[in-house]
Amino acid sequence: MSRMANVTNERVGKEQFQIRMLGSLRVTGPYGQVKWRTVKSGELFAYLYLHRTVAVDRILDEVFLDGKTDNPKGYLHTTIYQLRKSLAASGLSESVVISCDQGSYRLEVQNLESDIEAFERAASRTASDQETLWEAVGLYGGGLLEGVESLWVIERRERYRRQVMGMGSRLAGLLETQGAVRHALEVVQKLHRHDPGNGSLAFHVARLYQQLGHRGLADDYVERYLLRYREEWGFEAERPRLVYSG
């Protein structure tokens, strides 16, 4: 098992139930994974979880005014009903309580923790703490709520992406300084999987392959990146001087 997998399993294995938002939304209760009646009900759960108490008007503006219904408020009430039913079916009706009071919805959670909370805690700690950096990078399973393209998600998703890229780069630098090149490679490869268009990361992976004596893998990695870049953008990316054939 890789160093990344070890750290991730040690951390998230402590939770009895999982609320995962880094990547696709997954919520699991005593009776299994929650099955959302609609995509919007899953998005609303995530929105309430991340905000906890929100005015109805703000929910309508940020989650439901997408032109898909002529009655956003009615759609909201229907979605809340569906959400409660889905949570109850997975045994979470007592652990997750949604209430409405004075024009606001409130979500209360007991005995549940999410990957996003663990990630935020790790991101707020000392930047040079290697174990914390491992934890944060290990917890990052993908962009926030992948598949949901509402503006409120996109802005927050980008913030988390920038955080993990910064922490991952610091971690890789520390590992390289210590001579732990294989672990550094593992970190940079993960960062590049989550940001495949990033040429600096692609060439960093190749450089680490070179340091490990795998020039063939380095060349192949760069060639595959350049091919993807050409297919996506229609023109050639600059070939790095650091990696060469022959």
* Asked: Is there side-chain contact between Thr177 and Leu174, with at least one heavy-atom pair below 4.5 Å?
  -> no
* To do: Might you point out which heavy atoms bring Leu191 and Val164 nearest each other, and give the distance in Å?
  => CD2-O, 3.7 Å
* Considering all heavy atoms of both residues, which atom of Val187 and which atom of Leu175 are nearest to each other, and what is their separation? -> CG2-CD1, 4.0 Å
* Atom of Val34, atom of Ser90 and distance for their closest heavy-atom approach -> CA-OG, 3.2 Å
* To do: Identify the two heavy atoms, one from Pro196 and one from Arg228, that lie closest to each other, and give their separation to 0.1 Å.
  => O-NH2, 4.4 Å
* Asked: Are any of the side-chain heavy atoms of Ile59 and Leu44 separated by less than 4.5 Å?
  -> yes
* **His204-Glu176 side chain donor-acceptor pair, cut-off 3.5 Å** => yes
* Answer with yes or no whether the hydrophobic clustering places Val97 together with Leu76; edges join I, L, V, M, F, W, Y residues whose side-chain heavy atoms lie under 4.5 Å apart. => no
* **Electrostatic pair Arg159:Glu155 at N-O distance under 4.0 angstrom** => no
* To do: Among residues two or more places apart or on two chains, list those pairs meeting salt bridge (Lys or Arg N to Asp or Glu O under 4.0 Å) that have a residue in residues 35-49.
  => Lys40-Glu43, Lys40-Asp66
* **Heavy-atom pair of closest approach, residues Leu65 and Pro72** => CD2-CG, 3.6 Å
* **Approximate separation, where rounding is to 0.5 Å, of Ser95 OG and Leu112 CG** => 5.0 Å
* Asked: Is Arg58 paired with Glu62 through a side-chain N to carboxylate O contact shorter than 4.0 Å?
  -> yes
* Any donor-acceptor N or O pair under 3.5 Å, side chains Gln18, Gln33 -> no
* **Check: Glu120/Tyr160 side-chain N/O donor and acceptor closer than 3.5 Å** => yes
* Pi-cation contact, Tyr209 with Arg207 (under 6.0 Å, within 45°) -> no
* Asked: Hey, does Tyr229 have a side-chain heavy atom less than 4.5 Å from the side chain of Arg224?
  -> no
* Measuring from Asp129:CG to Arg170:CZ, what's the distance to the nearest 0.5 Å? -> 11.0 Å
* **From CA spacing to verdict: side-chain contact (heavy atoms from CB on, under 4.5 Å), His183, Gln178** => CA-CA 10 Å; His183 287 327; Gln178 297 164 3; over 6 Å; no
* Asked: Relative to each other, are the rings of Tyr140 and Phe119 parallel, tilted or perpendicular (30° and 60° limits)?
  -> tilted
* With a 6.0 Å cut-off on ring centres, are Tyr225 and Phe203 close enough? -> yes
* To do: Give every residue pair that meets the salt bridge (Lys or Arg N to Asp or Glu O under 4.0 Å) criterion with at least one member in residues 78-96, sequence neighbours excluded.
  => none
* To do: Only pairs at least two apart or in different chains count here, so list each ring-ring contact (aromatic ring centres under 6.0 Å, His included) that has a residue in residues 78-115.
  => none
* **NZ/NE/NH1/NH2 to OD/OE distance under 4.0 Å, Glu117 and Arg52** => yes
* Asked: Between Arg161 and Asp195, is the closest basic N to carboxylate O distance under 4.0 Å?
  -> yes
* Contacts of Leu227 that satisfy side chain to side chain contact (heavy atoms under 4.5 Å, CB included) - sequence neighbours left out -> Arg230, Glu231
* Asked: Is the shortest heavy-atom distance from the side chain of Ile98 to the side chain of Phe45 under 4.5 Å?
  -> no
* To do: Taking only Lys NZ, Arg NE, NH1 and NH2, and the carboxylate oxygens of Asp or Glu, determine whether Glu149 and Arg157 approach each other closer than 4.0 Å.
  => yes
* To do: Applying ring pair (Phe, Tyr, Trp, His ring centres under 6.0 Å), name anything that partners His51, two or more places apart in sequence or on another chain.
  => Tyr47, Trp152
* Kindly indicate whether the side chain of Leu50, heavy atoms from C-beta on, has any atom under 4.5 Å from the side chain of Leu107. => no
* Asked: Quick one: are Arg26 and Met21 in side-chain contact, heavy atoms under 4.5 Å?
  -> no
* For Arg182, check salt bridge (Lys or Arg N to Asp or Glu O under 4.0 Å) against everything at least two apart and list the hits. => none
* With a 4.5 Å limit on heavy-atom distance, are the side chains of Thr28 and Leu92 in contact? -> no
* What closest approach, in Å, do Ser86 and Trp36 show between heavy atoms, and which atom pair accounts for it? -> OG-CA, 4.1 Å
* Structure fact -> To the nearest 0.5 Å, atom OG of Ser150 lies from atom CZ of Arg156 at 13.5 Å
* Presence of salt bridge, Glu108 and Arg106, under 4.0 angstrom -> yes
* **Intermediate values then yes/no, salt bridge (Lys or Arg N to Asp or Glu O under 4.0 Å), Glu186 and Lys190** => CA-CA 6 Å; Glu186 184 182 359; Lys190 178 168 185 175; over 6 Å; no
* To do: Quick one: pull up CG in Leu144 and CD in Glu158 and give me the separation to the nearest 0.5 Å.
  => 11.5 Å
* If you measure from CD on Gln102 to OG1 on Thr53, what distance do you get to the nearest 0.5 Å? -> 11.0 Å
* Looking at CD of Gln189 and CG of Leu201, how far apart are the two atoms once the value is rounded to the nearest 0.5 Å? -> 11.0 Å
